[in-house]
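Since the structure comes first, as structure tokens, the remarks are kept for the end.
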Amino acid sequence: MPSATTSPSKKNAATALPVDTRRRWLRDMLLIREFEVRTMQAYQNRKIGGFCHVYIGQEAVAVGCTAAVEHKDPIITAYRDHGHALARGMEPKYCMAEMYGRIGGCAKGKGGSMHMFDKRNNMFGGHGIVGAQTALGAGLAFATKYQDEVIDEKQNTRVTLCFLGDGALNQGIFHESMNLAGLLDLPVIYIVENNGYSMGTSISRGTTMGHEITAKAAGYGMDSAVIDGMDVLNVYEGMKPLVDRCRETSRPCFVDMRTYRFKGHSMSDPRKYRTKDEEKKYESDDPIDKLANAMISDNELSQEDYDAMVKEVRKEVRDAMKWSENSPEPDVSELYKDVYVDEWGPFTGTSLPEMLKD
Amino acid sequence: MSDAMREDKRVFLMGEEVAEYNGAYKVSRGMLDEFGPRRIIDTPISEGGFAGLGIGAAMHGLRPIIEFMSWSFSLVAADQILNNAPKMLYMSGGQFGCPIVFRGNNGAGGQLGSTHSWCVESLYSNVPGAKIAIPFDPYDAKGLLRTAILDPNPVFVLESERLLSIKGEVPEESYEIPFAEALIRRSGSDCTIVSFGRPLYFCLEAAEQLAKEGIDCEVIDGRTIRPLDIDTIVKSVRKTNYCVVVDQSWPFASVSSEIAAQVHMRCFDDLDNHVFRVNNDDVPAPYAYNLEQEMLPNARKIVEAVRAVTYNA
Ligand SMILES: Cc1ncc(C[n+]2csc(CCOP(=O)(O)OP(=O)(O)O)c2C)c(N)n1
Ligand SMILES: [Mg+2]
């Protein structure tokens, strides 16, 4: 099967979309950036524990992809998941409080940085085991299709976005999931956030055909696309037709989303495996600057508007941190909650997080 | 399974050879004809993939039944069934439960060698978040499976290839067997024998033999390992003052060691000897018939254990 490579011209994209939409995306990206900068600080101040992976540099991917689908469409990703949660509409305070290990967190402080879940926003998790979510993504797509077609006896209406890192390409479960998705005609889009590295291993050192990973999709009879993930308009324009086609035909597809993480893999990574020149090159391709500059130079956004936006976002994140700080630690009784739905032995049933209560 | 599928369209069956082949062991015979290929779904040999697919589907509100041709093959799906299914509810802070049934054959099947002779109950019962049921006969197989399908948690149903040919009375109508309700398969007053699934047949055989020697055994079928009905076991041990646990998995850190520990804690003053255990020998399952028979918990070993624990050796 041939692979359809999509790379729309930026000019077209920029003019086709309403200014308000682009402003919103800019703001969403700014929010994620600010959130992650503060996350790093909070981590250094030991407010956040465990492993923590920030999304700085990749903001355009989560924002552009979620914009290309509908709210009812499930999304699922790996552990670098704060950006997806925020792009999907989780309030920053629930995301931050989760990392603070507080009861106000989206998972009551039981999941942490790598495990952001938001039922109301159809965000089916960040997942800590590399590749594990690819099978769950197939299952989400199976379920939406089954619910629409077998239970409701209508046409499939939903598409699942399943994000993975380039490192996950080398996990067996990814290949099993691709095969099942192809065989069972599952409406799922596998989006590889190809930032070139899995921890310190560059894709060329870890993955055969690393220079052309769409070859993997061809092996499973799937259409694929290569999309420049450093430009949110491009991400949206590239994703939209894929999403539409997936919804219509219920066929899976595969995206090589080219991106770059500006920071280390996690909070303890001196980045010895790549050069400063390489980092500089990508930093000059910052997806936020790119959109902001374009809008300002096209007179769609004034410098004052932009500054106000930055300020607003800063306040939002600061408030989220304050809120998290004030949210209590989970009561010890939470230990035995949510192990089983029902109550038996020492287990005390289940209860929803604050986020879903109001 | 068919009853549940007739009542609830969210239930589907997926696994290797479940549809067109009618089940590798014919468990799903006729189901494809009744429910069609959208609900009885053949998969490739891809345990990790279809186990994970089932979990994702359960997170989104379906009620999957995932068949492993053998629980031995579930090991390649370990990350999905041990990490994802049982921990989703906890990790998501109560947001996403995982109502799913994994079922298939467990235990030494008969000269299949080590890779195919897994008894996963000790490994898997170490994991909080899952439930584990082990049917003894056709009546229990139907009732426990129905309870498993209706349960909002992940349930592992460990069936036995060697018991698939056992015949027994099964009511037409559907019924549930509640979890954590052990059943006394034989009552007696001299020694308590606790077991699950296939080894219970050896326990009953041993009990008959011991009865002739004047040792009257009470044989308890635990039915579910998680949740475990320890109360029924404790009550029996308080009566008999002796206890033997028979467990078809390996002895180290096993179901039998857990039950022994709990009985020691709860019945310290009632016991007239420490708890004895009969397990698989602590070796990989061999192929040769005589070696395999010797390695499994058999009636002879159980008889010897009961004699020893009751000071009749
Ligand atoms: C099964 C498994 N093996 C190893 C790890 C440790 N680990 C965490 S992230 C990571 C690198 C993954 O890189 P990639 O998939 O490219 O995602 P990125 O970090 O670039 O977003 C590794 C090896 C893990 N979490 N899970
Ligand atoms: Mg990567």
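Within every chain, numbering begins at 1; the chains are lettered A, B, ... in the order of the sequence lines, protein sequences first and strands thereafter. Atoms considered below: every heavy atom in the structure, side chains included; atoms not considered: hydrogens, waters and symmetry mates.
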Exam field: side chain B/Gln95 to backbone A/Phe124, donor-acceptor pair closer than 3.5 Å: no
Whatever's closer than 4.5 Å to a heavy atom in chain A on B/Lys131 counts as both
Using modelled atom types only, decide if a donor and an acceptor are shared between the side chain of A/Glu176 and the backbone of B/Phe50 within a distance under 3.5 Å. no
Is it the backbone or the side chain of B/Phe179 that comes under 4.5 Å from a heavy atom of chain A, or both, or neither? neither
With a 4.5 angstrom heavy-atom cut-off, could you sort out which part of B/Ala58 is near chain A: side chain, backbone, both or neither? neither
Is A/Leu335 close to chain B through its backbone or its side chain, or both, or neither, when contacts mean heavy atoms under 4.5 Å? both
What part of A/Leu180 gets within 4.5 angstrom of chain B, counting heavy atoms only: side chain, backbone, both, or neither? side chain
Counting distance only, does the side-chain N/O of B/Lys9 pair as donor-acceptor with the main-chain N or O of A/Val150 below 3.5 Å? yes
Pair A/Tyr146-B/Arg10, side-chain donor/acceptor within less than 3.5 Å: no
With a 4.5 angstrom heavy-atom cut-off, is it the side chain or the backbone of A/Ile173 that approaches chain B, or both, or neither? side chain
Between A/Leu136 and B/Gln80, is there a side-chain heavy-atom distance shorter than 4.5 Å? yes
Proximity breakdown for A/Glu334 and chain B, heavy-atom pairs closer than 4.5 Å: backbone
Would you say the side-chain atoms of B/Tyr90 pair up with the backbone N or O of A/Lys110, donor to acceptor, closer than 3.5 Å? no
Residue part contacting chain A, namely of B/Ile41, when any heavy atom lies under 4.5 Å: side chain
